Amino acid sequence: MGLPEKIKKIEDDIHKTQVNKKTEHHIGLLRAKLAKLKSEMEEQQTRRSGSRLGFDVKKSGDATVVLIGLPSVGKSTLLNRLTNAKSKVAAYQFTTLDVVPGVMEHNGAKIQVLDLPGIIKGASSGKGLGKRVLAVARSADLVLFIVDVFQPEARELLARELRTTGVRVDEAPPNVAIEKADSGGVSVAALVKMTKMSESLVKDILRVYDINGARVVIREDIDDQQLVDVLSGNRVYVPSLTVMNKVDLVNAGFTSEVSRKLPHRFVPVSAEAGVNIQALKEEIYKRLDFLRIYMRRRTGETDFEEPMVVKGGATIADVCDRVHRSMKDEFRYAQVWGKSVKFGGQRVGMTHRLMDQDVLTIVTK
Ligand SMILES: Nc1nc2c(ncn2[C@@H]2O[C@H](COP(=O)(O)OP(=O)(O)OP(=O)(O)O)[C@@H](O)[C@H]2O)c(=O)[nH]1
Ligand SMILES: [Mg+2]
């Protein structure tokens with residue numbers, strides 16, 4: 001049996017099985033098998049096509065934001081509003097056929113924004129340019145879902161297509177550690193009460209992934225799909241923001257009515273009329289979770305005029321990389337004043353995580 005037949009068989013099996021307490025284990029296991037076969041097939045296809053997936057675009061700036069939406073929702077119009085770019089805009093679908101980059105400057109950060117072709121249902125399984133578009137989203141720091149005011153429910157479709165390609169939107173990586181061992185079977189240490197899956201299902205799913213010896217430490221109440229995410233090792237976790245475009249076509253009452261019905265918060269804008277663009281820029285900036293780091297020279301003056309903008313979670317090592325290529329080799333220690341340390345001037349090493357508005361001195365050899 002080839003891969004497609006195996007996949008079909010499991011899908012049918014899942015479909016046939018009624019979901020209840022008794023079948024939970026069975027279904028969880030089938031889902032794990034299905035996920036593994038699908039990624040095998042994915043690998044096979046990429047090998048065959050021989051080409052790299054995605055569009056050729058060089059990352060630049062402090063962070064990269066991608067515009068994901070159905071055709072004609074106004075992605076290109078919005079890119080042109082947010083940045084210096086001039087992406088083609090037209091009233092027919094699939095106007096944009098390639099990635100178009102632009103740069104948005106906000107609060108001292110240079111943010112790369114990528115306009116992309118529209119995607120449709122089935123994009124992740126190869127419809128249109130879908131796969132290539134979704135591949136670009138994998139390397140983004142933020143996904144901007146663009147929806148039309150008349151079709152806001154498209155947000156779910158877009159997130160589902162991303163999910164299928166291994167992108168987890170607004171989720172944190174599961175707090176689970178799997179330490180492989182050569183032998184000794186699988187042991188499970190659950191540090192929280194597990195309500196969504198049993199220990200035996202954890203063990204069986206590990207077996208699907210050919211792991212027969214390991215220590216699994218579970219620090220979060222995960223389900224079988226999250227465990228599969230950990231095992232597959234190629235999931236990416238990206239935050240998102242939803243933008244509702246074309247609000248100029250409706251009245252304010254309509255917009256707030258729509259927003260009440262939606263499970264997600266969104267930013268209403270009119271890309272064409274230029275409504276609420278400044279607020280959107282601010283939201284994008286906030287969602288990217290930037291840190292402003294003020295560098296202090298060894299002589300004692302601090303440059304409060306031009307902070308270095310780095311991504312949230314950045315360490316001293318990340319700052320070193322930004323200052324100079326060989327900085328890390330010359331590094332002795334750093335001193336920090338601000339929220340990330342207990343006292344001002346505290347000495348820290350390369351792995352220290354910085355916080356917004358920290359003042360930093362790097363002492364080199
Ligand atoms: N009324 C109104 N029309 C808009 C707005 N933004 C875009 N449009 C129009 O919607 C149509 C599609 O705009 P595009 O920016 O080309 O849409 P797109 O999402 O890039 O489309 P594709 O590249 O085909 O996926 C054009 O006719 C735009 O003028 C808006 O805020 N309000
Ligand atoms: Mg376009």
Side-chain angles (χ1 to χ4, degrees), residues 53-57 64-104 111-137 140 142-162 165 167 169 240-259 262 264-284:
L53 207 58
F55 292 97
D56 272 329
V57 58
T64 300
V65 177
V66 295
L67 305 184
I68 300 288
L70 299 179
S72 278
V73 293
K75 299 178 294 299
S76 302
T77 312
L78 185 63
L79 176 84
N80 298 345
R81 270 284 169 204
L82 292 172
T83 74
N84 53 347
K86 289 188 179 58
S87 190
K88 187 178 170 192
V89 169
Y92 54 86
Q93 302 201 330
F94 300 110
T95 305
T96 309
L97 295 170
D98 202 349
V99 57
V100 183
V103 178
M104 168 185 134
I111 300 164
Q112 182 183 46
V113 185
L114 301 179
D115 181 23
L116 286 159
I119 62 167
I120 47 175
K121 189 158 185 261
S124 53
S125 46
K127 284 238 170 72
L129 295 165
K131 273 195 163 182
R132 297 177 63 198
V133 172
L134 295 166
V136 178
L142 175 68
V143 170
L144 272 199
F145 288 123
I146 318 296
V147 297
D148 186 304
V149 68
F150 297 116
Q151 227 182 337
E153 66 286 352
R155 157 79 174 62
E156 302 320 308
L157 180 154
L158 302 169
R160 252 198 321 274
E161 294 295 338
L162 276 174
T165 58
V167 180
V169 170
S240 80
L241 186 65
T242 307
V243 179
M244 188 182 288
N245 190 33
K246 306 196 185 182
V247 294
D248 57 292
L249 297 177
V250 297
N251 60 35
F254 186 93
T255 311
S256 51
E257 182 65 18
V258 172
S259 75
L262 286 182
H264 292 280
R265 207 179 65 85
F266 64 88
V267 186
V269 301
S270 169
E272 197 161 80
V275 175
N276 218 24
I277 300 300
Q278 213 42 43
L280 174 60
K281 285 187 178 179
E282 193 54 39
E283 292 277 347
I284 292 173

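Here the structure is a predicted model, which is why all the values come from computation and not from measurement. Remember, it's 1-based here, ligands and their atoms both numbered in the order they're listed.
- For Asp115, no nitrogen or oxygen atom sits less than 3.5 Å from a nitrogen or oxygen atom of ligand 1, counting backbone and side chain alike.
- The shortest N/O to N/O separation between Phe94 and ligand 1 falls below 3.5 Å.
- A donor-acceptor distance shorter than 3.5 angstrom exists from the side chain of Asn245 to the backbone of Val73, with no hydrogens or angles considered.
- For ligand 1, the polar-atom distance check against Val73 finds a nitrogen or oxygen pair separated by under 3.5 Å.
- Close N/O approach between Pro117 and ligand 1 is not found [any backbone or side-chain N/O within under 3.5 Å].
- Atoms of ligand 1 found under 4.0 Å from any heavy atom of Leu249 (numbered from 1 in listed order, with element): 1 (N).
- Residue Tyr92 approaches ligand 1 through these ligand atoms, each under 4.0 Å from one of its heavy atoms: 24 (O).
- Metal site remark for the Mg ion (ligand 2): Thr95 contributes no N, O or S atom at a distance under 2.8 Å.
- Distances from atom 12 (C) of ligand 1 to the heavy atoms of Gly74, Ala90, Ala91 show the closest one on Ala90.
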Q: Decide salt bridge (Lys or Arg N to Asp or Glu O under 4.0 Å) for Asp148 and Lys246; before the verdict, give the C-alpha distance in whole Å, the side-chain angles of both, and the deciding distance to 0.1 Å.
A: CA-CA 6 Å; Asp148 186 304; Lys246 306 196 185 182; 3.7 Å; yes
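- In this structure, Ser72 has a heavy atom closer than 4.0 Å to ligand 1.
- Where the criterion is an N or O separation shorter than 3.5 Å, residue side chain and backbone included, Asn245 meets it with respect to ligand 1.
- Shown in contact with Gly118 at under 4.0 Å from a heavy atom are these atoms of ligand 1, numbered in order with element: 25 (O).
- Under 4.0 angstrom from ligand 1, the non-hydrogen atoms of Asp248 all belong to its side chain.
- Of the heavy atoms in Thr77, both backbone and side-chain atoms come closer than 4.0 Å to ligand 1.
- In this structure, the side-chain hydrogen bond (donor to acceptor under 3.5 Å, both in side chains) partners of Glu282, at least two apart in sequence or on a different chain, are His106.
- Taking both residues in full, the closest heavy atoms of Ala271 and Ile277 are given as CA-CD1, 4.3 Å, listed atom of the first, atom of the second, then distance.
- Residue Ser76: an N/O/S atom is found under 2.8 Å from the Mg ion (ligand 2).
- Among all protein heavy atoms, the one lying closest to atom 3 (N) of ligand 1 is Glu272 OE1, 3.5 Å.
- In Gln93, the part holding a heavy atom less than 4.0 Å from any atom of ligand 1 is the backbone.
- A donor-acceptor pair under 3.5 Å links the side-chain atoms of Glu161 to the main chain of Ala123, judged by distance alone.
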